[in-house]
There are 2 protein chains.
Amino acid sequence: MPRPPRFTRDDVIACALSIADDQGLEAVTMSAVAVLVGVTPMALYRHVDDKEHLLDLLVEAVLRELSDPDDRLSGWPRLEALARGLRAAAARHPNVFPLLLQRPAITGGSLTLRARIRDALRDCGIPAEELDRGERLVSTVALGFLASEAGGRFVDVPRDQRDLDFEILLALVHQGLPALERAS
Amino acid sequence: MPRPPRFTRDDVIACALSIADDQGLEAVTMSAVAVLVGVTPMALYRHVDDKEHLLDLLVEAVLRELSDPDDRLSGWPRLEALARGLRAAAARHPNVFPLLLQRPAITGGSLTLRARIRDALRDCGIPAEELDRGERLVSTVALGFLASEAGGRFVDVPRDQRDLDFEILLALVHQGLPALERAS
DNA sequence: ACCTGAACACCGTTCAAGT
DNA sequence: ACCTGAACACCGTTCAAGT
């Protein structure tokens with residue numbers, strides 16, 4: 001007997017994300033998610049391969065929140081806007097963010113983020129053959145800082161100090177871009 | 001009846017580390033460690049508070065492997081040597097390394113690492129009031145890259161390219177140091 | 001077609017009991 | 001004092017059965 005599904009994959013993701021935000025990643029258990037969806041844990045497997053898959057979807061959901069880059073910006077300001085958008089997403093979902101560093105960036109959301117970074121770098125004058133490396137360096141520096149911040153490595157550092165840290169890091173990358181051109 | 005202990009905390013750490021190296025972090029289960037020690041899982045709790053504590057000890061063990069900085073080096077070369085030493089440790093224990101970003105750096109090993117970085121920065125001419133920030137930035141950049149590398153985010157990037165990435169990252173920080181002096 | 005109940009293998013951890 | 005057996009609460013996951 002065909003029956004209409006009672007919930008969607010997006011429901012699962014939304015519930016898992018809210019648990020992660022409220023109580024941390026380790027609270028994201030299949031049965032906790034199921035309770036929030038209003039269903040038994042086994043029903044989740046209709047929409048999700050397994051727990052690892054669910055975590056990947058969580059990362060995707062966070063990346064999908066990134067707003068499209070402002071078209072009026074170009075070059076360095078555009079790259080900077082990307083970085084600030086990423087930091088805002090990290091602030092909204094600090095518990096999910098460390099996952100970004102843990103798995104290869106091959107899903108849709110992280111691929112488009114990487115493409116956006118490369119576009120901005122090209123716009124900054126980085127030669128085509130250095131775009132891949134530039135993207136790796138920029139995202140490594142950004143994710144390193146943001147994962148540190150989200151992961152609590154800076155808990156004892158006041159907020160305004162961390163804000164300044166971030167600005168300095170941006171300046172560091174900005175002034176380092178010309179060196180990237182020379183690298184090849 | 002007093003009895004001599006059959007194993008030490010260091011035995012537990014060594015076994016856990018070898019499991020992590022060989023089969024990954026998720027294979028480090030209390031019972032897997034116990035099997036390798038040659039004892040029941042419950043016996044581990046004599047030497048370790050709980051599993052989280054064991055993971056902290058694992059991080060400590062990796063940090064303790066870092067060799068003392070070469071006294072003949074000073075200034076930037078010394079900082080560079082620290083970074084290369086850290087990368088070598090990450091290469092030996094890629095599965096443990098992502099943990100470094102996950103918890104506050106307040107244990108013995110990471111405190112001495114931080115102190116060494118600050119010492120090297122002072123030696124580079126960074127003013128005293130900027131040493132803390134300098135340490136945060138340097139370790140963030142380094143850990144971000146190394147955790148990315150260890151975590152497999154660069155699996156599809158050939159080794160020699162990653163080596164070059166690392167050199168460029170070092171150069172970026174090197175040339176950015178003067179900006180740090182001006183920050184205050 | 002969708003969801004569930006029952007069941008399985010595994011996990012971390014406690015505590016009283018054995019030596 | 002040190003280790004273990006038994007037990008507990010919890011985990012992810014499967015599969016046949018219900019609707």
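For the numbers below, each heavy atom of this structure counts, side chains included, while hydrogens, waters and symmetry mates do not. Numbered from 1 within each chain, the chains take letters A, B, ... in sequence-line order.
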All salt bridge (Lys or Arg N to Asp or Glu O under 4.0 Å) counterparts of B:R6, not counting sequence neighbours: none
Only counting residues at least two apart or in another chain, list the ones meeting side chain to side chain contact (heavy atoms under 4.5 Å, CB included) with B:T107. B:E60, B:S110
Taking NZ from A:K51 and C1' from D:dC11, how many angstroms apart are they, rounded to a whole number? 8 Å
If you take any heavy atom closer than 4.0 Å to DNA chain C, which residues from residues 25-49 of chain A end up in contact? A:V39, A:T40, A:M42, A:A43, A:R46, A:H47
Within residues 54-83 of chain B or reaching into it, pairs that qualify as ring pair (Phe, Tyr, Trp, His ring centres under 6.0 Å) - sequence neighbours excluded: B:W76-B:H174
Would you compute the distance between atom CG of B:L54 and atom CD1 of B:I13 and round it to the nearest 0.5 angstrom? 7.5 Å
What does the 5'-to-3' dot-bracket notation of DNA chain C look like when only Watson-Crick and G-U wobble pairs under 3.5 Å count, and pairs to other strands show as |? ||.|||||...|||||.||
Applying salt bridge (Lys or Arg N to Asp or Glu O under 4.0 Å), can you list everything that pairs with A:R116, at least two apart in sequence or on another chain? A:D68
Pull out every protein N or O sitting under 3.5 Å from an N or O of nucleotides 16-18 of chain D, one pair per line with the distance.
from: D:dG18; atom 1: N2; to: A:R3; atom 2: NH2; distance (Å): 3.1

Pairs satisfying side chain to side chain donor-acceptor pair (under 3.5 Å), at least one member in residues 18-46 of chain A, at least two apart: A:D21-A:H93
Set of residues satisfying salt bridge (Lys or Arg N to Asp or Glu O under 4.0 Å) with respect to A:R87, sequence neighbours excluded: A:E149, A:D163
Please name all residues satisfying ring-ring contact (aromatic ring centres under 6.0 Å, His included) with B:H53, sequence neighbours left out, ordered by chain then number. none
Does anything in residues 112-141 of chain B pair up under ring pair (Phe, Tyr, Trp, His ring centres under 6.0 Å), and if so which pairs, sequence neighbours excluded? none
Can we say B:D165 and B:R162 salt-bridge, meaning some charged N sits less than 4.0 Å from an Asp/Glu carboxylate O? no
Lys/Arg-Asp/Glu bridge criterion (N-O < 4.0 Å) met for B:D70, B:R78: no
With a 3.5 Å distance limit and no angle check, can you tell me whether A:R103 reaches the backbone of A:D56 through a side-chain donor-acceptor pair? no
Can you pull out the residues from residues 5-13 of chain A that lie within a 4.0 Å heavy-atom distance of DNA chain C? A:P5, A:R6, A:F7
